[in-house]
Amino acid sequence: MLEFKSDAFAISPGEDEATNPGIFGKALAEWLADELSARGHAAGEVIAEDFGWCVPVESKPHALYVVCASSDEQADSWRVFAFAEGGLIGRVFGKDTRDEDVARIYGLIKAAITARVDVRDLSEERA
């Protein structure tokens, strides 16, 4: 997970009605979707979930997502992480690539965020 501060991602009025109260990040998720697409990884429309704003990233045989959420209900504190779900057939036959795919997308996300001059206090937490 990446955590950082930035004033660059505006919160829309009522944005957290689509998630849990105090969970923002739609603008950040939309920006990351554009960044991933520009870096050759097709990203779908941003999806609101209870825990944050998800960016589906084209990946097979499993579903791959990037999640953006505010941190501590503050307008400038953000958390971003990636995860994969599915891939049962790959696990059964010993060809599960979820970890590698998540690591690849995570690297692209980190590079995009690091390149921004308006990001501060970037920290990383590995699972």
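The chain is numbered in sequence order, starting from 1. Because the structure is a prediction, the values reported are computed rather than measured.
- A distance of 6.5 Å separates CD1 in I47 from SG in C54, rounded to the nearest 0.5 Å.
- Distance check: E124 CD to L122 CG gives 7.5 Å after rounding to the nearest 0.5 Å.
- Within 6.0 Å of atom CD in E100, more than 12 heavy atoms from other residues, nucleotides or ligands are found, so the atom counts as buried in its surroundings.
- Atom CD of E49 is surrounded by more than 12 heavy atoms from other residues, nucleotides or ligands within 6.0 Å.
- When all heavy atoms are compared, the tightest approach of E15 to G25 is OE2-N, 2.7 Å.
- Remark: side-chain polar atoms of S70 are paired, donor with acceptor, to backbone N or O of F24 under 3.5 angstrom.
- C68 and A29 get closest at one heavy-atom pair: SG-CA, 3.6 Å.
- Under a 3.5 Å cut-off, the side chain of D50 and the backbone N or O of N20 do not form any donor-acceptor pair.
- Comment: R104 engages D101 in a salt bridge, judged by a side-chain N to carboxylate O separation of less than 4.0 angstrom.
- V80 is not listed as a side-chain neighbour of M1, based on a closest heavy-atom distance of 4.5 Å or more.
- The distance from atom CD of E3 to atom OG of S71, rounded to the nearest 0.5 Å, is 5.0 Å.
- Every residue two or more places apart in sequence or in another chain that forms a side-chain contact (heavy atoms from CB on, under 4.5 Å) with T19 is listed here: D16, I23, A48, W53.
- Ring geometry for F9 against F4 counts as perpendicular: the plane angle is over 60°, on a 0 to 90° scale with 30° as the lower cut.
- Looking at every heavy atom in both residues, S37 comes nearest to A43 through OG-N, 3.3 Å.
- For the pair K26/W31, no side-chain contact is recorded, criterion being any heavy-atom separation below 4.5 Å from C-beta on.
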Inset, instruction - Apply side-chain contact (heavy atoms from CB on, under 4.5 Å) to the pair V55 and E30, showing each step before the final yes or no. - result: CA-CA 8 Å; V55 179; E30 289 171 341; over 6 Å; no
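- The distance from atom CG of L108 to atom CD1 of I113, rounded to the nearest 0.5 Å, is 11.0 Å.
- Taking CH2 of W78 as the reference point, atom CG of L2 lies at 14.5 Å (rounded to 0.5 Å).
- Taking D7 as the reference, D76, R120 meet the side-chain contact (heavy atoms from CB on, under 4.5 Å) condition, with sequence neighbours excluded.
- Taking NZ from K5 and CG from D118, the interatomic distance works out to 14.0 Å, rounded to the nearest 0.5 Å.
- For the pair L64/P56, no side-chain contact is recorded, criterion being any heavy-atom separation below 4.5 Å from C-beta on.
- Scanning both residues, A112 and E35, for their nearest heavy atoms gives CB-OE1, 3.8 Å.
- Closest approach of A33 to G44, counting heavy atoms only: CB-O, 4.3 Å.
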